[in-house]
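Here is the structure we will look at.
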Amino acid sequence: MLESVGLTPQAERVYTAMVRRPVSGVAALSDELELSATEVRDAVHLLTERALVVPAGDGGWRTVGPQVALSALLAEQEAELATRRLRLETVRAWAAALEAEHDLGRPRDELVRLEGTAAVRERLDLVADSMREECLSFTVDREMSAEAIEAAKVNNLRVLRRGISMRNVYQETVRKDPDNLAFAKWMTEHGGRNRTVPTVPFRMLVVDRAVAFLAVNPADSREGALEVRSPAVVNALYVLFEQFWESGTPFGESPKVEEDALSPQEQALLRLLDAGHTDESAGRKLGLSARTVRRVIAELTDRMGVESRFQAGAEAVRRGWL
């Protein structure tokens, strides 16, 4: 028990016996504890050094009360621990400083989480002021509220008036949503360029190929966004945007469908079903109801002259649609 304050097991036994029976000589303690006289004397010597016992006037020893004596020893140990802790903190601070110095020449990839729509809008206000060349974005169907649209108009108009290129890829079902459709038309009227594709992977904003913003939760943009400045990640998102942009239909035009071919939406639906999606999950991806998905599939099977979905898939492969 008392080894933590510098006592040996023998010294602890001797001290405990002396507290219980204040008048004890070497011989009595030796017999009671089954220790040699030398062991008893060594223990008493150690107890004297630790101020647990003091010499008595008759040549014997008197114990100091446990609470008083042990409190002093504990205070001494605590002081030593505090000194050690200070030394450890000094070493830790030195290590942190050395690491920081080592990192000065190391490129860093910055990722910042912006909590909530207010933080995102505040950050986008700052980015709009520093924008220099272009702004690229994905807009998921029905994701922008009326309030978000009005805020976007203010920022976008500031950017467009400075001659900065703004390109946006919408999901085709935006044409069926009055608010988002009106916003897309507004953007076109003020110099923005817009295209539509059957499905947009997620909401995204890429500025000057240097910084990107991604929704923390694709299902609910109110949770905030991730601000990404990693060159590798931002470049990958830029390449992804360009792929969707090239395959998109310019806003104001209808998707071009060659004779006896699939529309972009039909092709996207077949690919989703071929990947194992149910009618419901494929519909969510495309912004369509499960009922609409089933109607489109029925029309496709009729056009291909087949009777089942399995046959439709095989026929789509044969025709090079998948």
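These values consider heavy atoms only, across backbone and side chains, with no hydrogens, waters or symmetry-generated copies.
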Could you walk me through whether Thr139 and Gln171 satisfy the side-chain contact (heavy atoms from CB on, under 4.5 Å) test, starting with their C-alpha distance in whole Å, then the side-chain angles of each, then the deciding distance to 0.1 Å, before giving a yes or no?
CA-CA 7 Å; Thr139 299; Gln171 195 157 304; over 6 Å; no
Salt-bridge present (Arg209, Glu134; N to O < 4.0 Å):
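Here Arg209 pairs with Glu134 in a salt bridge, since their nearest N and O are under 4.0 Å apart.
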May I ask you to say whether Glu242 pairs ionically with Arg167, meaning some side-chain N is under 4.0 Å from a carboxylate O?
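Result for this pair is yes, salt bridge flagged.
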Looking only at atom types and distance, does a side-chain atom of [X] sit under 3.5 Å from a main-chain N or O of [Y], one as donor and one as acceptor?
{"X": "Asp208", "Y": "Arg132", "value": "yes"}
{"X": "Arg162", "Y": "Met131", "value": "yes"}
{"X": "Glu223", "Y": "Asn217", "value": "no"}
{"X": "Arg195", "Y": "Arg193", "value": "no"}

Got a second to check how far [X]'s [atom1] is from [Y]'s [atom2], nearest 0.5 Å?
{"X": "Leu124", "Y": "Leu205", "atom1": "CG", "atom2": "CG", "answer": "6.0 Å"}
{"X": "Thr8", "Y": "Glu39", "atom1": "OG1", "atom2": "CD", "answer": "9.0 Å"}
{"X": "Glu189", "Y": "Leu160", "atom1": "CD", "atom2": "CG", "answer": "12.0 Å"}
{"X": "Leu214", "Y": "Leu226", "atom1": "CG", "atom2": "CG", "answer": "6.5 Å"}

Provide the closest heavy-atom pair for [X] versus [Y] in the form atom of the first, atom of the second, distance.
{"X": "Met187", "Y": "Asn194", "answer": "CB-ND2, 3.7 Å"}
{"X": "Val234", "Y": "Ala212", "answer": "CG2-N, 4.1 Å"}
{"X": "Phe202", "Y": "Phe138", "answer": "O-CB, 3.1 Å"}
{"X": "Ala152", "Y": "Phe183", "answer": "CB-CZ, 3.9 Å"}

Are the side chains of [X] and [Y] in touch, meaning some heavy atoms are under 4.5 Å apart?
{"X": "Asn156", "Y": "His190", "result": "no"}
{"X": "Val169", "Y": "Val200", "result": "yes"}
{"X": "Ser137", "Y": "Phe213", "result": "no"}
{"X": "Val211", "Y": "Val206", "result": "no"}
{"X": "Leu237", "Y": "Met204", "result": "yes"}

Counting only heavy atoms not in Lys185, do more than 12 sit closer than 6.0 Å to its NZ atom?
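Incorrect, the count does not exceed 12.
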Establish whether Val154 and Leu157 are linked, either directly or via other cluster members, by ILVMFWY side-chain heavy-atom contacts under 4.5 Å.
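Different hydrophobic clusters.
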Member of Leu126, Val120, Asp125 meeting the side-chain contact (heavy atoms from CB on, under 4.5 Å) criterion with Arg123:
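Going through Leu126, Val120, Asp125 one by one, the side-chain contact (heavy atoms from CB on, under 4.5 Å) with Arg123 is satisfied by Leu126 alone.
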Go through the steps to decide whether Ser247 and Val197 satisfy the test side-chain contact (heavy atoms from CB on, under 4.5 Å), and finish with yes or no.
CA-CA 7 Å; Ser247 65; Val197 294; 4.0 Å; yes
Between Leu114 and Glu227, does a side-chain contact (heavy atoms from CB on, under 4.5 Å) hold up when you go through it step by step?
CA-CA 7 Å; Leu114 304 170; Glu227 179 179 342; 4.2 Å; yes
With side-chain contact (heavy atoms from CB on, under 4.5 Å) as the criterion, how do Trp245 and Leu136 come out once you've worked through the C-alpha distance, each side chain's angles and the decisive distance to 0.1 Å?
CA-CA 10 Å; Trp245 179 261; Leu136 315 174; over 6 Å; no
